[in-house]
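Working notes, structure below.
So you know, we letter chains A, B, ... as the sequences are listed, proteins then strands, and number each from 1. Because only heavy atoms are used, hydrogens play no part in the values below, and waters and symmetry mates are left out as well, while side chains stay in.
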Amino acid sequence: MNNNEIVSELENIVGEQFVSDKPEETFLYHYDFITAEPEGKCDIVIMPKTAEEVQEIVKIANKFKIPLVPWVSGINFGSTATPLKGGIVVDLRRLNRVLEVNEDDMYALIEGGTTWAGLQAYLGKNHPNLMAGVTFSPPGTGVVASCLCYGMFNLGMLGGTGAEFINGLEVVLGSGDLVRVGSCSLSDYWYGRQPLPDLAGLFIGWEGSTGIVTKAAIKLWPKLPFRKDFVLMGNTFDMGIPVLLKLSKAGLGICDIFVFSYNWIQAAIGAYEKKVPLNPLKDNLPVFISGVTTQAYTEKQHEAQCEAIETISKEGGLTEAPQGISLDILPYQAWGAWNFSRGGGGEWIGSYCSTREIIKYYKLARETALKHGHTSQFYSRLLFGGHYCVSRFNINFNKNDPEEIESARIILKEIHEEVSSLDGVVMYKAPKWAHEVYEEKIYPATYELMKKIKNLLDPNKVMNPGHGWGD
Amino acid sequence: MVGVIKIFQRLRYMKRMGLTHVDTRHEIHKIERHQDLEHYKDIIYQCGKCGTCRTVYQDADWAAVCPSGEFRKFESYYLGGKNLLTWGLTSGKLKWTEHLASIFYSCTVCMACLQQCQIPEIHTYAVEWLMAMREEAVKQGYGPMPEQKLYTEHTMVENNPYMEKHGDRLNWLPSHIKQTPDAKTAYYVGCTSSYREQNVAVATAEILNSLQVDFRIHPNESCCGSPVYMTGQTEKAKKIAEENVKMFKDAGIEKIITSCAGCYRTWKDTYPNKFGLNHGIEVKHLPEFLLDKLKNGELNFSKEFNMKITYHDPCHIGRHMGIYKPPRQVLEKIPGLELLEMKRNRHNAWCCGSGGGVRSAFKDLSAFAANERIEEAKETTAEAIVSCCPFCLNQFKANIKNNEIQALDLSEIVKQII
Ligand SMILES: Cc1cc2nc3c(=O)[nH]c(=O)nc-3n(C[C@H](O)[C@H](O)[C@H](O)COP(=O)(O)OP(=O)(O)OC[C@H]3O[C@@H](n4cnc5c(N)ncnc54)[C@H](O)[C@@H]3O)c2cc1C
Ligand code: SF4
Ligand code: SF4
């Protein structure tokens, strides 16, 4: 393949300054620089500004049968934006505007490359009474990317996964066609995905392998005048998880419930690792540290909600951390997450699962990590009023040390195997090797359907090959 | 439980306050500054290319901070990209090329990016490897950029990077300025004020006269070496520094007052800390000096200066040296003057786009940065953008169109009211 010819056609679309095949620029797109997943190769990087430009880029990819990888910051933790089969990385950073906020129906219409920093800045300035659900990921990461990958937010108790925050999408298909799904397909309102056939699913969970989302409407929520963040601590998960489950079903204006293990907190603030106990339980340290956020419209309502939360947590034996801690700090650079081991590498097994399995998940993963001499960095979030949860377990390593990388890969796979034995545990933003496990497990006719969908939307298989489903 | 509570107490401080916790790695492993690339190569790859260094962290509406990245857009031009390119190079994944060098030189070394990254080592030390990469580029024959090479050659002969004659350096000096031949205090004028913003030199000298400060200007004053040092030419800059220190020591100078942010940083930090020249000369930047005088009552502003202004923090005294307050304190004392802050100020200030050799080698990037700052200044409704660095001043003047806003140096204002 002649890159020069492709580059020159791409330059005609976006201008010379926004295309590069120089190693000094493409290097940053070969892989995510965080996980232990293998490197790919970015041959060309392009930065479009409009949906029309994206369409033209897709047409060129089809013409030359060259892969296209949608990309915002490429640090989704599953390495799903790594160009496994080479090709063109479509860096969406210039497609980053907040186009509209509808205060009545509470949604923001944003472009496909909008970052959390961009969205928060816009809302803070123009709509201080509305809030978006935000991830723990750094401010420069993508909102749409996260929603499409079932990301989870600090309003997860209200809205569920990021995918459920999506009201509608505008997408350039792998074929180059531009479609709109949701109420926006027949009106100017992006209030929801009902009542037409819900085609958003053709793009959610596909890791950019069916099309490039150029616009999305994302649900917002009212910021109520009274808010409290509880930090509740307990000695063990056995003790703490039942309390959180009870709280999730008690209807207390709760917008977020999550739990971190002791080691995660240490990692998140970048504590010196030699001072962090490998096994805090052995030292009788409280390993269960959770956050519960509630908000209310009136003071009386707020007091009643807080009182109920205090009662339930006290009854369950949890202690409340000092007053005044604000968890309203997102997006936040959880730098400890990857520099904990001085080496910048981190990867996790992140899965959706039944709330019944959180304790078992934590214990299985913890034991596997301890066996390999790793601290247990566990985190779980209850979602959508307690209907299900997400659980993640993190392994850190030195990304400059091939042996440590190899060892991290082994541990991650072991943990995955262990936790997959629990009912309903399914990894999200799964790296390639985990996909392979699921491809064998999935209901065969379902997998066939996935293949047909992929074929229909991306007939030349140019979209993010090696990732997603059914290629 | 106490331990965990302590952790949370620390977490509370993270919002908008950067790094305030104890027990982090960088407090335990102090890293030496001013070392070569080899020294930093095992820290750089802690960077996760997360993009936090692209915008103000949790403040100022998450506004952009990096002129180089905002202009070129590719990740390589932001700090994250530069970190990982450095890693690519030190780990053998990449090779030196002209283009690689140009990426590292397309950076004003303004340090706005570091302020945003919360990884302790990067937050505190990334400028060290940005400089070490320039030094390495020079060693490998890829640096400096052609325009920087030209001005360096000139500086080595004529002691200024402006292609002017050394003999013309004092042409700005009016006859009414009174110098004290055996004074122990020198006004270090610097090249920009000597050749381009001579009004700053005149104003500063007049202020010193009004305050009856015994001072002199070294008749052989030369470039401080900053433009040479900032472009990675350490050996040449060191030679300049050694000559300067010898010249000033031989003249019996014990204190330097300078109106230039770049000269200040170079004399105060680079000479002793990079070149090991512990000259023992006290170095004061004009606003610091004026503030001292205001505090001890030797300086009073008797007249009014009725103007709405905004203050631009020069990188070389701001992020490089931590001086944010003194210029503001001086300005606030001026009767009639209204100080309006730009959205990005102090450690989050957007660079004027002239430092790090960018103005000579990358004119389009430099003008982009200046215009962005001028627009921000205009948004405050200020009538003038005030700085205390002749290089910033000169940059603003060159980029302001149709007198849309004035550019002034602090010295020019103070001169009018004492
Ligand atoms: C420290 C840290 C903490 C994190 N915490 C969380 C968390 O709490 N919750 C959470 O959900 N995630 C979390 N993440 C993961 C991730 O960074 C976020 O979900 C993020 O918002 C995704 O953005 P990105 O820019 O990294 O996406 P990318 O990696 O660029 O993209 C993710 C995937 O989506 C595809 N894609 C991107 N944009 C489009 C588009 N417009 N159209 C079609 N496909 C597209 C890509 O090809 C890729 O497959 C965390 C990451 C880090 C590093
Ligand atoms: S320097 Fe810091 S903020 Fe910037 S990309 Fe690297 S880790 Fe993120
Ligand atoms: S020093 Fe300034 S120009 Fe250079 S990368 Fe950092 S913010 Fe950008």
Task: A:Ser137 versus chain B, the contacting section by heavy-atom distance below 4.5 Å - done: neither
Task: Donor-acceptor contact present, side-chain B:Glu75 to main-chain A:Leu28, <3.5 Å - done: no
Task: Sequence-distant partners of A:Phe260, ring pair (Phe, Tyr, Trp, His ring centres under 6.0 Å), two or more places apart - done: A:Phe136, A:Phe258, A:Trp264, A:Tyr379
Task: Exceeds 12 heavy-atom contacts within 6.0 angstrom, atom NZ of B:Lys363 - done: yes
Task: Which atoms of B:Leu100 approach chain A - backbone, side chain, both or neither, heavy atom under 4.5 Å - done: both
Task: CD-CZ distance between A:Gln17 and B:Phe71, expressed to the nearest 0.5 angstrom - done: 8.5 Å
Task: Heavy-atom contact with chain B under 4.5 Å, split by part of A:Trp116 - done: neither
Task: Under 4.5 Å from any heavy atom of chain B - which part of A:Glu25 - done: both
Task: For A:Thr115 against B:Arg54, the heavy-atom pair lying closest together - done: CG2-NH2, 4.4 Å
TODO: Heavy-atom distances under 4.5 Å only: say whether A:Asn400 touches chain B with side chain, backbone, both or neither.
DONE: both
Task: Part of B:Ile103 lying under 4.5 Å from any heavy atom of chain A - done: side chain
Task: B:Glu98, CD atom: more than 12 neighbouring heavy atoms under 6.0 Å - done: no
Task: Pairwise distance CD(A:Gln333) to SG(B:Cys53) - rounded to 0.5 angstrom - done: 8.0 Å
Task: ring pair (Phe, Tyr, Trp, His ring centres under 6.0 Å) against A:Tyr31, all qualifying residues, sequence neighbours excluded - done: A:Phe33
Open item on the list: Can you list the residues of residues 37-49 of chain A that sit under 4.5 Å from chain B, counting heavy atoms only?
Closed with: A:Glu39, A:Val45, A:Met47
Task: Criterion side-chain contact (heavy atoms from CB on, under 4.5 Å) against B:Tyr57, the qualifying member of A:Pro138, A:Pro331, A:Pro139 - done: A:Pro139
Task: Value rounded to 0.5 Å, distance of OG in A:Ser20 from CZ in B:Arg72 - done: 8.5 Å
TODO: Would you give the length of the straight line joining atom CG of B:Leu84 to atom NE2 of A:His30, rounded to the nearest 0.5 angstrom?
DONE: 12.0 Å
- [ ] Against chain B, label A:Val19 side chain, backbone, both or neither, depending on which of its atoms sit under 4.5 Å from a heavy atom there.
- [x] backbone
Open item on the list: Using a 3.5 Å distance criterion without hydrogens, assess whether the side chain of A:Glu24 forms a donor-acceptor pair with backbone atoms of B:Ser76.
Closed with: no
- [ ] Please answer whether the main-chain N or O of A:Phe18 pairs with a side-chain N or O of B:Lys73 as donor and acceptor at a distance below 3.5 Å.
- [x] no
Open item on the list: Does any part of the side chain of A:Tyr29, heavy atoms only, come nearer than 4.5 Å to the side chain of B:Phe74, both counted from C-beta?
Closed with: yes
Task: Winner by heavy-atom pair count (cut-off under 4.5 Å) against chain A, out of B:Thr55, B:Ile122, B:Asp61, B:Ile44 - done: B:Asp61
Open item on the list: Less than 4.5 Å to any heavy atom of chain A: does that hold for the side chain of B:Tyr78, its backbone, both, or neither?
Closed with: side chain
TODO: Please list, chain by chain and in numerical order, all residues satisfying side chain to side chain donor-acceptor pair (under 3.5 Å) with B:Tyr105, sequence neighbours excluded.
DONE: none
